[in-house]
Amino acid sequence: MLSKKKALSMIDIIDEMFPDAECELIHDNPFELTIAVLLSAQCTDNTVNKVTKTLFQKYHTPEDYLAVSLEELQNDIRSIGLYRNKAKNIQKLCQSLIDKFNGEVPSQHEQLVSLAGVGQKTANVVMSVAFGEPALAVDTHVERVSKRLGICRWKDNVTEVERRLTSIIPKSRWTKSHHQLIFFGRYHCLAKKPKCDVCPLLPDCREGQKRYRASQRLSGGNAS
Ligand code: SF4
């Protein structure tokens with residue numbers, strides 16, 4: 001695993017590559033963001049944005065989501081993967097918002113994770129994006145990139161990845177780095193075809209070096 005100093009220097013390069021990275025889920029308030037993050041599990045932000053464009057015109061409050069049948073809500077989000085479970089979770093979330101927080105999305109981590117359907121990642125995204133609280137959510141991109149680079153160990157779970165990243169990155173940069181790592185994973189270090197050949201991190205990246213050596217062997221080169 002990389003030293004913290006080396007790891008931070010890599011985060012700095014990603015910072016330079018994606019200075020304007022930000023949340024790509026379209027929303028107007030903390031409640032809409034929470035619904036969008038909940039819908040985004042195992043689904044692209046683009047797909048979520050297409051659905052929420054009409055969804056957020058129809059539903060404005062937790063009460064609105066509870067005023068329709070589960071089947072109707074499922075139908076409204078059916079183009080999204082896992083829509084049956086997600087519709088159930090949305091209604092459970094709305095009920096707990098009404099029961100515990102007067103229908104408002106809370107800003108504190110402990111309160112957010114107490115809501116039905118809200119886990120660590122969703123809570124961190126809502127805290128940082130909606131309320132400007134420092135938090136570093138670990139999604140599939142953040143986890144993959146951190147492991148490929150050697151910032152974290154392959155065997156680390158998301159909690160360990162979050163702990164490692166927040167021990168390396170200054171707190172004032174957690175939110176920005178979260179978006180930058182997502183952009184890096186989404187547009188550069190892609191899951192299936194990472195752009196190693198044009199990556200400024202290649203010299204120090206364990207995954208990139210492994211792929212480079214494999215490509216050299218395939219092409220009959222003599223990289224060692
Ligand atoms: Fe990702 Fe390849 Fe860059 Fe490593 S060298 S960070 S695997 S794109």
Side-chain angles (χ1 to χ4, degrees), residues 1-25 36-37 39-49 81 119-125 127-129 134-224:
M1 195 157 64
L2 294 175
S3 70
K4 288 189 176 182
K5 188 176 172 196
K6 186 72 201 173
L8 185 58
S9 73
M10 290 178 144
I11 303 282
D12 288 340
I13 291 172
I14 293 171
D15 178 32
E16 286 168 18
M17 290 173 76
F18 296 100
D20 301 320
E22 60 184 5
C23 179
E24 294 193 301
L25 290 169
V37 177
L39 290 172
S40 71
Q42 297 179 46
C43 185
T44 67
D45 287 1
N46 266 344
T47 305
V48 173
N49 288 337
Q120 175 80 357
K121 187 198 86 172
T122 302
N124 279 356
V125 173
M127 265 176 67
S128 60
V129 176
L136 206 161
V138 176
D139 75 344
T140 181
H141 297 297
V142 176
E143 181 178 1
R144 181 181 70 253
V145 164
S146 302
K147 290 182 176 178
R148 278 181 172 171
L149 285 169
I151 294 173
C152 301
R153 297 169 299 185
W154 288 113
K155 63 177 184 179
D156 285 347
N157 60 36
V158 288
T159 306
E160 290 165 329
V161 172
E162 182 183 333
R163 203 178 297 138
R164 173 82 176 149
L165 287 172
T166 51
S167 77
I168 292 167
I169 303 169
K171 197 170 186 177
S172 60
R173 290 173 57 184
W174 287 356
T175 299
K176 192 74 177 169
S177 294
H178 157 71
H179 295 306
Q180 289 170 326
L181 286 166
I182 289 177
F183 270 52
F184 186 73
R186 187 176 285 160
Y187 302 114
H188 182 88
C189 186
L190 286 76
K192 289 193 181 146
K193 285 194 177 173
K195 300 175 181 175
C196 303
D197 50 335
V198 293
C199 184
L201 297 170
L202 177 59
D204 294 312
C205 175
R206 63 179 177 184
E207 174 70 14
Q209 286 298 321
K210 192 174 87 184
R211 286 170 182 259
Y212 174 71
R213 286 194 295 272
S215 72
Q216 289 294 299
R217 278 197 296 276
L218 277 176
S219 64
N222 57 2
S224 59

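In listed order, ligands and their atoms are each counted from 1. Keep in mind the model is a prediction, meaning the values are calculated, not measured.
Applying the ring pair (Phe, Tyr, Trp, His ring centres under 6.0 Å) definition to pairs two or more places apart or across chains, none involves residues 135-174.
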Between Asp12 and Arg173, is a salt bridge (charged side-chain N to carboxylate O under 4.0 Å, His left out) present by the stated rule, with each step listed?
-> CA-CA 10 Å; Asp12 288 340; Arg173 290 173 57 184; 2.8 Å; yes
Candidate pair Asp156 and Arg164, rule salt bridge (charged side-chain N to carboxylate O under 4.0 Å, His left out), full reasoning | CA-CA 9 Å; Asp156 285 347; Arg164 173 82 176 149; over 6 Å; no
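Between Phe18 and Phe183, the two ring planes are perpendicular [angle over 60°; tilted spans 30° to 60°].
The side chain to side chain contact (heavy atoms under 4.5 Å, CB included) search around Arg163 returns Thr159, Glu160, not counting sequence neighbours. For Lys195, there are no salt bridge (charged side-chain N to carboxylate O under 4.0 Å, His left out) partners two or more places apart in sequence or in a different chain.
Atoms of ligand 1 found under 4.0 Å from any heavy atom of Lys195 (numbered from 1 in listed order, with element): 8 (S). Of all atoms in ligand 1, numbered sequentially from 1 with element shown, those under 4.0 Å from a heavy atom of Phe184 are 6 (S).
Here the side chain of Asn49 pairs a donor or acceptor atom with the backbone of Glu24 at under 3.5 angstrom.
For atom 4 (Fe) of ligand 1, the nearby protein N/O/S atoms, meaning those under 2.8 Å, are Cys205 SG.
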